[in-house]
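Below is one structure, written out as structure tokens; the observations come after it.
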Amino acid sequence: MRARLNHPSAAHLLGWLALALVSFAQPPGQVAADTKFNLTHNPGAFLASATRAWTDHFTLGQIQNQAYGYLFPQGPFFLLPLPDWVLQRLWWVLVLCIAYSGTLAVARRMGVPGVIPALLYALSPRIVTTLTAISSEAWPVALVPWTILPLLNRRPQVAPALVAVALMGAVNAAATIAACLPAFVLLVWRREFSRAALYVAGCVLVSAWWLGPLLVLGRYSPPFTEFIESAFVTSYWLNLAEVLRGTTSWAPFVDTERTAGFLLVSEPVFVLATMAVAALGLAGLARADMPWRGFLVVVFSLGVAILATAHFLTSLYDGPLAPFRNLHKFDPLVRLPLVLGVGWVVSKVRAPGVVAVSLVVAAAVAPAWSLRLLPTGTWSEVSPDWVAAGHWLDQHVGATRTVVIPPASFARQTWGWTRDEPIQAVAHVPFAVRDAIPLVDPEAIRGLDGQMEALDADALRSIGVGAVVVRGDLDSGARGRWPGEPEVAFGDVEIHLISPERGMMVTSAAPVRVDGGGEVLALLWQRYGYFPAQLVDSEAQIVTDTPAAAVRNYGTLDSAVSAHLASPEEGADVRNRLPDYPSAGTRVGVDMSGGTASASSSAADATAFGGADPSRSLTAAFDGLEDTAWWPAPGDLGWISSTVSGGRVTITATDSTVVRVVSGSETRDLTLEAGEPRTVSVPGDTVRIELTEPVGIAELDTGVRRIVDVPGTADTYFFQRLLPHTDVLQRRFTTAADATWRLSAPATIDGEAVEGEVFLPAGAHELVTDAETITITRGEVPTARAETFGGVVGASTSEQLILTARGFNEGLRARVGGVELEPVRIDAGMQAFRVPPGVSGTFEMRFAGDAPYRWSLLLGAVVSLLTVALCLWVRWRTISRFTPSSASTPISPLLTALAVGLVPGAVAVALAWTVRRFTAIPAWGLSAGAAGFMGLWLARAPWPGENYAGSSVLVLFAGCVAVAALAFPDD
């Protein structure tokens, strides 16, 4: 029996059996939103569409992002005729078993007992966190050991390593590139420079099939990386404690959806277990007799340096290195050496020690065997309501675009969290939805925001919408509303039809020049009907109060935009390089006069818990309006400060409270009654009001005044309080000439209540109204007529514009009668083409990137297949065990400690040297002990506690000691 267990295949088979059991034991019948909803519900159509760069199916028409990556190997796997949940389990089994067997083989080739390292790697936090939520990122991680294995021979074999690279696919190109790095480091460490060059070239050749489409994506895709998680977010939790124990993905820190990942980052028992594994791994790496120690320490040090220094380099990761800002993709550089170190420790301890290590390992991987791998929001079947609605739309709507309301960052329904919108897999009709990451022009995203606010049939026709799907099954409880009875209803899914007559239009009139953001156009069209518009920042016919000089929390759609700001510093809570979607219009911000004002926080901050409430901004305390008030962000008692004119301040609170007034050297408590102004003298030229309980400050009269100031002059002004939402509309605007103006709603202008018509002299005026929108005009509101376009252009003596109802993209091209047309931006980032006078014929539109995409996909596939065939044809030599000669201890741990810790790192290096030089404490004890301290310190205050210990100086210092000690191994 023992002989059978010692057989090389036995450990593989037993591991596979255990991992298969773990995978299929996860609640049977449940399907998870693993990366793509289409992958399980409609994989054939999804893969077919991936062969083209452009699709009119999504949003306003867009270039497909990452779809080509599913063409191999993950996509074809899901074409197997098996139930969805079974296919998912089989795929997860494949990922886990590939990771397990690869690590087991590497460990044995290195002379390390391999079962425990193999299990630790296959069920590492990186894989456990992503396996059921985005397995396309776990797949390259699983293949990393296979790229290393053939390079451990006496003569490294590059060919089999390249086959492993070819199998990685390209759903996430950055993850694939990161997975290729350890093998390259190994070849360089072995001084096999020619083979390292061959390996790099081979990686390019076996990846040729997806490199071309990736370049097309980079050429024509909107800059969506600017509008997703910033490097500040992705690196915020990359302290040494989290890096060493493997919780390097930021997603579980901000959302509980990934159950296993959230347990690992938040539960003290898992903090202790995973850090104990890291301590054991460090102990192994600190032993001089550890096989392949030199390479393992170098690659480990590199991984730690990449991950733990990221917070110093956020400008790079938000700039040229943006594709790599999700740094957890580099986790294998740290994880593989550590798990092999654990294996070496196991080989050096007696039976009781093996039992103890096994218990630690069992605890560390408990989220897997305790059946908590599945994320929140799995489903047993796709909602029959959506399936029926999809069939109906395909039969009755055709090529007309369908809009889905209400908007949702991610599709989280009561029956399942598909993340991708259900309509994209159950129907073939083009659709539009405002989700978290629309892959369209930034101005078009603003336009979608306006459309979702207006929900007006005439406005929606401007983007080719002929049907509206109103859903009532969102997990958040949000329900959409559309006037009138639905055409048809399927449970929680209603379908309304509107006239699609404006899907494509043609006009000879000049577009109306609007100084505003794309979000305002739908509101204008709601009031005046559709007219072609051109967004400008000067010489406008209509001046609006958009785009707001505000900041946006890109991670949500719920109250994501702050109040208007007076300066960029006021929006410092948002760390993205671009604080908001760019726009052609003039930014409209707050004018502050009479001094300066600031606050600790504001409920109007974009990052305020529960979303921004722009009506509770800093401006509300200095606007002269009693029914508005500044409130601190939830959870912050906060303070509000201002310069003072005249030595006196008047404070009005929304509720009875006691505040602390600080001015100069004087501090005193002041009792305020709800809504009653209280005037006090202050000795200094500044005052700070510190709250003792959550309360609003309705007015802080210090001589400072803040008001939203709308620049520019025109014959028509359009103001709104919907984007961002405020309770009261207060604006300052400037008229160029004395004139009588017509108002669309009652308002107070310059302190006088007016409605209908009012005479305004030239100059600045202040307006206050409760209306959601108001137009002030001294003539007719300019409009421009556009007619339905049938596809054939007649000759005209004047220039014409063809409006395509598609989002603008530099790759869209068009011809009429063989004449190439000039592309034009129209409306809110929409695509139009200019037709010269006298040109007639059939309108033909194409995407310029489609041919390069398809040809590079085809020819690249040929190159990749030929390269792989060559790699398989080359004789793979018989395995020959190779043990590297004893080399000098790498200094890479010292450099890493210095890079990560700076001053604490330097102290840690000095301490590690001193301990090893003057005491009998072994290196493994020093390194493992420091890691153990980190685990204990973090377990007492893990995320999301307010006193989160991961970023403390003590943890940083201990981590640097743990790393630096590897440079002074035991004799």
Side-chain angles (χ1 to χ4, degrees), residues 23 26-43 45-47 49-50 58 64-67 69-70 74-75 77-78 82-93 95 127-139 171-172 175 228-229 249-252 254-263 326 367 371-387 390 404 407-427 431 433 435-439 471 473-476 478 492-493 555-557:
S23 296
Q26 308 302 318
Q30 293 297 300
V31 180
D34 178 5
T35 314
K36 289 290 184 183
F37 178 47
N38 312 58
L39 202 59
T40 55
H41 189 72
N42 195 0
F46 172 61
L47 293 177
S49 68
F58 292 92
Q64 299 203 76
N65 178 35
Q66 297 182 327
Y70 289 94
Q74 188 173 0
F77 187 92
F78 281 83
L82 293 171
D84 294 348
W85 77 273
V86 174
L87 273 174
Q88 277 196 337
R89 299 307 187 278
L90 288 175
W91 172 252
W92 298 340
V93 169
V95 174
I127 292 181
V128 164
T129 298
T130 58
L131 180 68
T132 61
I134 182 168
S135 63
S136 56
E137 285 191 6
W139 176 245
V171 172
N172 191 295
I228 56 176
E229 63 278 355
S249 173
W250 59 271
V254 300
D255 199 310
T256 61
E257 179 183 357
R258 301 184 187 184
T259 305
F262 183 70
L263 288 172
N326 277 297
L371 310 185
R372 290 181 283 185
L373 281 183
L374 291 181
T376 304
T378 58
W379 63 91
S380 57
E381 67 170 347
V382 175
S383 166
D385 298 342
W386 275 103
V387 173
V404 181
S409 296
F410 298 100
R412 294 181 170 181
Q413 292 81 215
T414 52
W415 53 268
W417 292 11
T418 57
R419 295 183 66 84
D420 288 331
E421 288 296 335
I423 193 174
Q424 74 180 50
V426 302
F431 70 91
V433 64
D435 57 10
I437 314 172
L439 294 178
R471 57 182 170 193
D473 60 351
L474 286 176
D475 190 57
S476 65
D492 286 324
V493 182
T556 182
L557 299 184

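Closest heavy-atom contact between A260 and V128: CB-CG1, 3.4 Å. Considering all non-hydrogen atoms of both residues, N42 and A425 come closest at ND2-O, 3.4 Å. Of all the heavy atoms in L90 and L82, the pair that sits closest is CD1-CD1, 3.7 Å. Here the closest non-hydrogen pair linking T414 and L474 is CG2-O, 3.9 Å. The two residues P407 and R471 make their nearest non-hydrogen contact at C-NH2, 4.0 Å. Minimum heavy-atom separation, L374 to T132: CA-OG1, 3.9 Å.
Ring-plane geometry between W139 and W91 is classed as tilted, the angle between the planes lying from 30 to 60 degrees on a 0 to 90 degree scale. By the 30° and 60° cut-offs, the orientation of the rings of F37 relative to W415 is tilted.
A side-chain donor from one of N326 and E229 sits under 3.5 Å from a side-chain acceptor of the other. Using a 3.5 Å distance cut-off with no hydrogens or angles, the side chains of E137 and S249 do not pair a donor with an acceptor. Q413 and T418 share a side-chain donor-acceptor pair at under 3.5 Å.
Looking at F58 and L439, their side chains never come closer than 4.5 Å, going by heavy atoms from C-beta outward. Side chains of R258 and I134 form a contact here, defined as non-hydrogen atoms less than 4.5 Å apart. Between P375 and W417, every side-chain heavy-atom pair lies at or beyond the 4.5 Å cut-off.
For the atom pair CG (L87) and CZ (F77), the distance works out to 6.5 Å, reported to the nearest 0.5 Å. Within the model, atoms NZ of K36 and CG of L47 stand 11.5 Å from one another, a figure rounded to the nearest 0.5 Å. Here the straight-line distance linking atom CD1 of I437 with atom OG of S409 works out to 9.5 Å at 0.5 Å rounding. Between the CG atom of L373 and the CD atom of Q26 there is a distance of 4.0 Å, given to the nearest 0.5 Å. Remark: T40 OG1 to D84 CG distance equals 5.0 Å, nearest 0.5 Å. In this structure, the separation between CZ on F431 and CD1 on I423 is 6.5 Å, given to the nearest 0.5 Å.
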Next item on the list: In sequence, state the C-alpha distance, the side-chain angles, and the governing distance for H41 and Q424, and then conclude on side-chain contact (heavy atoms from CB on, under 4.5 Å).
Entry: CA-CA 10 Å; H41 189 72; Q424 74 180 50; over 6 Å; no
Note to self: Working note: Q66 + S136, criterion side chain to side chain donor-acceptor pair (under 3.5 Å); need CA distance, chi angles, decisive distance, verdict.
What the structure shows: CA-CA 11 Å; Q66 297 182 327; S136 56; over 6 Å; no
Next item on the list: Determine, stepwise, if the pair W92 / D34 fulfils side chain to side chain donor-acceptor pair (under 3.5 Å).
Entry: CA-CA 10 Å; W92 298 340; D34 178 5; 3.2 Å; yes
Next item on the list: Please report the C-alpha distance between N38 and D420 in whole Å, then the side-chain angles of each, then the deciding distance to 0.1 Å, and finally whether the side-chain contact (heavy atoms from CB on, under 4.5 Å) criterion is met.
Entry: CA-CA 8 Å; N38 312 58; D420 288 331; 4.2 Å; yes
Note to self: Pair T376, T259 - check side-chain contact (heavy atoms from CB on, under 4.5 Å), show working.
What the structure shows: CA-CA 7 Å; T376 304; T259 305; 3.9 Å; yes
Margin query: Go through it in stages, so that I can follow the logic: the residues are E257 and R419, the test is side-chain contact (heavy atoms from CB on, under 4.5 Å), and I'd like the CA-CA distance, side-chain angles, deciding distance and then a yes or no.
Written below: CA-CA 11 Å; E257 179 183 357; R419 295 183 66 84; 2.7 Å; yes
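Taking a cutoff of 4.0 Å between a charged side-chain nitrogen and a carboxylate oxygen, R412 and D255 qualify as a salt bridge.
Checking side-chain atoms of T378 against main-chain N and O of Q30 turns up no donor-acceptor pair under 3.5 Å.
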